[in-house]
Undergrad: 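Below you'll find the structure I mean.
Just so it is clear, the model here is predicted, and its values are computed rather than measured. Each chain gets a letter, A, B and so on, in the order its sequence line appears, and its residues count up from 1.
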There are 2 protein chains.
Amino acid sequence: MNAPPRAGHVAPEGYDPGAFEPFAVTVDLAVFTVRDALLHVLLVQRGEEPYRGRWALPGGFLRPRESAEAAARRELAEETGLGGGTAGALHLEQLATYSDPGRDPRMRVVSVAYAALVPDLPEPRGGGDAARAGWTPLAQARRLAFDHDRILADAHDRVGAKLEYTGLATAFCPPEFTLGELQQVYETVWGVALDRPNFRRKVLATPEFVTPARGGRRRTGGRGKPAVLYRAGDAAALHPPLLRPEGPTP
Amino acid sequence: MNAPPRAGHVAPEGYDPGAFEPFAVTVDLAVFTVRDALLHVLLVQRGEEPYRGRWALPGGFLRPRESAEAAARRELAEETGLGGGTAGALHLEQLATYSDPGRDPRMRVVSVAYAALVPDLPEPRGGGDAARAGWTPLAQARRLAFDHDRILADAHDRVGAKLEYTGLATAFCPPEFTLGELQQVYETVWGVALDRPNFRRKVLATPEFVTPARGGRRRTGGRGKPAVLYRAGDAAALHPPLLRPEGPTP
DNA sequence: CGAATAGTGTCTATTAGACACTATTGC
DNA sequence: GCAATAGTGTCTAATAGACACTATTCG
């Protein structure tokens, strides 16, 4: 009754073409930014069937000799209109892989989803092309093509969780930023208000989370007292984590 | 200089077969268990080239109408020799997808890796077959085939992290377990000793982490005072998290 | 001046960690 | 008794959260 254990990957004999099904493999990107105290996501409008006219996450096929990460980085550069150098520095994080048969009505497509966190950028748009693209407030990103509603929800969850125990929030900020701007990232992604003095204390108490930038000061939002500028530190993980208030299932 | 934005997934015209490369898609499983206070992983010995004779993570190709999760669950049932009913209840967690070109010398293979957490099971082995399979202490799982060393390391990291903020540790335990057994899971996965009274206090203070089982008592390891038995609760996330001692980069 | 943001200090309730002590079982 | 594990209690240092207060800038 038990199937015998089989070694990994091995097709019955020397790559028997019948032993596996060919799949198309794509990447899908949930590119987030914080703009006007709202979390925005980059969407493109589909110009082809299926789901013609619907909004979707940007993405595309893996090229023959390209890893999923490389494909994601290439797509990100294309969609945001940033040159390779800039886009190469952006934070990209593999989320999950979606493989339900039937998630694409045309054919069997397995998609590796990535989340990207970018500072507030100019509107995407290189050549004025058929497909439109633009930043959409997360609350209005609904009824996307394919299973992209779910991918986007998963991406939001993951980013929110990662802010707790990594220094990821700095990826939403420009190279130099104020603590007020950093706090706004947390408040926007989590949708809660944080106590400023306590936030400040915790951030500064975490080694390598942020380091002071030399010289400058800047006003957050153009008003009030200018704040000291910081740069992202080397900390990958925050110890202790910066836990969000309240319970697990709001 | 900028490529124009393109809508997701769309091949240039109606599924142009040249627009994408066909890939083989597999799942690889890192199946963990705690046995004799050591973390063990299930490995199979390869009977074919490449890497003939080397140990590898169990896994296999996706079937035509099967999701990666379904394939992983099927492989898990096959490799552990558990019937579908039992295996269906086991904890499976998608880890990451590995897609480097050249990770398999034969052809382009994209692999979705899963971690599975199972209680201490009898030795795998259904029919006495060519390929051997067995539980290996994690420390001795070295020089695996393909990129499985890396997958296994990533899996261990992820499981360790998930113990902090989810109730996952109960997946390593039988349906009814003592707090001593649960603590042993944490100590084994993290490789640290925990203070028993404090561990107990935190676990019991977390709502829905564990619930008392009716009636029974049992000795952890056959010695000492019999302990009250608990069952896994409904808590998916632990609030507050059960953080592991010490710093981020040991 | 008032609005707005930055930055500092402080008080208190809670929590984490250390650890002493008792309880129950098998041998 | 001794070894081994379960279970309880308690002390103290550290932390989190609330919040009062001062500082600096613009208009």
Side-chain angles (χ1 to χ4, degrees), chain A residues 34 36-37 163-165 173 176-188 190 192-207 209-213 215-231 238-248, chain B residues 34 36-37 163-165 173 176-188 190 192-207 209-213 215-231 238-248:
Chain A
V34 172
D36 303 327
L163 291 197
E164 294 194 324
Y165 55 93
C173 298
E176 303 198 330
F177 53 87
T178 70
L179 292 186
E181 290 163 350
L182 187 63
Q183 183 175 346
Q184 184 128 108
V185 168
Y186 277 91
E187 293 182 330
T188 301
W190 287 348
V192 298
L194 300 176
D195 180 85
R196 185 168 42 78
N198 293 337
F199 178 80
R200 179 177 194 73
R201 175 161 37 98
K202 284 203 259 192
V203 168
L204 295 177
T206 304
F209 188 4
V210 298
T211 60
R217 289 170 166 263
R218 179 204 296 161
R219 275 173 288 285
T220 301
R223 282 174 297 203
K225 174 178 175 177
V228 172
L229 291 172
Y230 292 86
R231 293 180 158 273
L238 300 187
H239 278 256
L242 217 159
L243 299 174
R244 79 187 104 179
E246 282 308 287
Chain B
V34 173
D36 302 328
L163 291 197
E164 294 194 325
Y165 54 94
C173 297
E176 304 197 331
F177 52 87
T178 69
L179 293 186
E181 289 163 351
L182 187 63
Q183 182 175 347
Q184 184 130 106
V185 168
Y186 277 91
E187 293 183 328
T188 301
W190 288 347
V192 298
L194 300 176
D195 180 87
R196 185 167 42 77
N198 293 337
F199 177 81
R200 182 180 192 73
R201 175 161 36 99
K202 286 203 261 194
V203 168
L204 295 177
T206 303
F209 187 5
V210 298
T211 60
R217 288 170 167 263
R218 178 205 297 163
R219 274 174 288 283
T220 302
R223 282 174 298 201
K225 175 178 173 177
V228 171
L229 290 172
Y230 293 85
R231 294 181 157 272
L238 300 187
H239 279 255
L242 217 159
L243 298 175
R244 77 187 104 179
E246 280 308 287

Undergrad: Between P on C/dA16 and CZ on B/Arg244, what's the gap in Å once rounded to a whole number?
TA: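 These atoms are roughly 17 Å apart.
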Undergrad: Grab the CG-P distance between A/Leu229 and C/dA6 for me, whole Å please.
TA: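 Distance, rounded to whole Å: 11 Å.
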Undergrad: Side-chain donor or acceptor of A/Arg196 under 3.5 Å from a matching atom on the base of C/dG7?
TA: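 For A/Arg196, whose side chain was compared with the base of C/dG7, there is a donor-acceptor pair (under 3.5 Å).
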Undergrad: Using atom CD of B/Gln183 as one end and atom P of D/dT5 as the other, report the distance to the nearest whole Å.
TA: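 My rounded result for the distance is 11 Å.
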Undergrad: Within the pair A/Arg219 and D/dT25, is there a side-chain N or O less than 4.0 Å away from OP1 or OP2?
TA: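 It does not, given that no N or O in the side chain of A/Arg219 lies less than 4.0 Å from OP1 or OP2 of D/dT25.
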Undergrad: Considering heavy-atom distances to DNA chain C, does B/Pro241 or B/Lys225 have its closest nucleotide positioned more toward the 5' end?
TA: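 In this pair, the answer is B/Pro241.
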Undergrad: Without decimals, in angstroms, what is the distance between A/Phe199 CZ and C/dG7 C1'?
TA: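 Distance, rounded to whole Å: 14 Å.
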Undergrad: Tell me whether the side-chain N/O atoms of A/Lys202 come closer than 4.0 Å to OP1 or OP2 in D/dG17.
TA: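 Yes.
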Undergrad: Less than 4.0 angstrom between a side-chain N/O of A/Thr220 and OP1 or OP2 of C/dA6, yes or no?
TA: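 A/Thr220 to C/dA6 OP1/OP2: side-chain N or O found under 4.0 Å.
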Undergrad: If I take atom CG in residue A/Asp195 and atom C1' in nucleotide C/dT10, what distance separates them, rounded to the nearest angstrom?
TA: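 Taking atom C1' of C/dT10 as the reference, CG of A/Asp195 is at 13 Å.
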Undergrad: How long is the span from the NZ atom in A/Lys202 to the CG atom in A/Leu238, to the nearest 0.5 Å?
TA: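 Answer for the NZ-CG pair, A/Lys202 versus A/Leu238, is 11.0 Å.
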Undergrad: Taking the minimum atom-to-atom distance to the side chain of A/Pro197, which one of D/dC19, D/dT24, D/dG9 wins?
TA: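 It is D/dC19.
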Undergrad: Let me check something: any side-chain donor-acceptor pairs from residues 223-231 of chain A under 3.5 Å, sequence neighbours excluded? List them with distances.
TA:
residue  : atom : partner  : partner atom : Å
A/Arg231 : NE   : A/Glu176 : OE2          : 3.3
A/Arg231 : NH2  : A/Glu176 : OE2          : 3.3

Undergrad: Just verifying a value: how many Å separate A/Tyr186 OH and A/Gln183 CD, rounded to the nearest 0.5 Å?
TA: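 Between atom OH of A/Tyr186 and atom CD of A/Gln183 there are 10.5 Å.
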Undergrad: What is the distance from CZ of B/Arg218 to P of C/dG26, rounded to the nearest Å?
TA: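 Whole-Å distance recorded here is 16 Å.
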Undergrad: Please check the phosphate of D/dG7 (OP1 and OP2 only) for any side-chain N or O of B/Arg200 closer than 4.0 Å.
TA: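 So the side-chain polar atoms of B/Arg200 do come within 4.0 Å of the phosphate oxygens OP1 or OP2 of D/dG7, strictly under.
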Undergrad: With distance as the sole criterion, do the side chain of B/Asn198 and the base of C/dA18 form a donor-acceptor contact below 3.5 Å?
TA: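 Such a pair is found, so the answer is yes.
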Undergrad: Rounded off to whole Å, could you give me the NE2-to-C1' distance for the A/His239 and D/dA16 pair?
TA: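 My rounded result for the distance is 18 Å.
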Undergrad: Report the nucleotide, chosen from C/dG7, C/dT25, C/dA6, that has the shortest atom-to-atom distance to any side-chain atom of A/Thr178.
TA: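 My answer, after comparing the listed nucleotides, is C/dA6.
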Undergrad: So does A/Arg223 get a side-chain nitrogen or oxygen closer than 4.0 Å to the phosphate oxygens (OP1/OP2) of C/dT5?
TA: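 The answer is yes; a side-chain N or O of A/Arg223 sits under 4.0 Å from OP1 or OP2.
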Undergrad: Kindly give the heavy-atom pair with the smallest separation between A/Thr206 and A/Pro240, and that separation in Å.
TA: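 Closest heavy-atom pair between A/Thr206 and A/Pro240: OG1-O, 4.4 Å.
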Undergrad: Not counting sequence neighbours, which residues clear ring pair (Phe, Tyr, Trp, His ring centres under 6.0 Å) with A/Phe209? List them please.
TA: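 Expected list: none.
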Undergrad: On DNA chain D, check which nucleotide each of B/Leu204 and A/Pro240 is closest to and give me the residue with the more 5' one.
TA: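 Its nucleotide being nearer the 5' end, the pick is B/Leu204.
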Undergrad: Without decimals, in angstroms, what is the distance between B/Leu243 CG and C/dT15 C1'?
TA: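 One finds 12 Å between C1' of C/dT15 and CG of B/Leu243, rounded.
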Undergrad: With distance as the sole criterion, do the side chain of A/Arg201 and the base of C/dG9 form a donor-acceptor contact below 3.5 Å?
TA: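 When only heavy-atom distances are counted, A/Arg201 does not reach the base of C/dG9 through any donor-acceptor pair under 3.5 Å.
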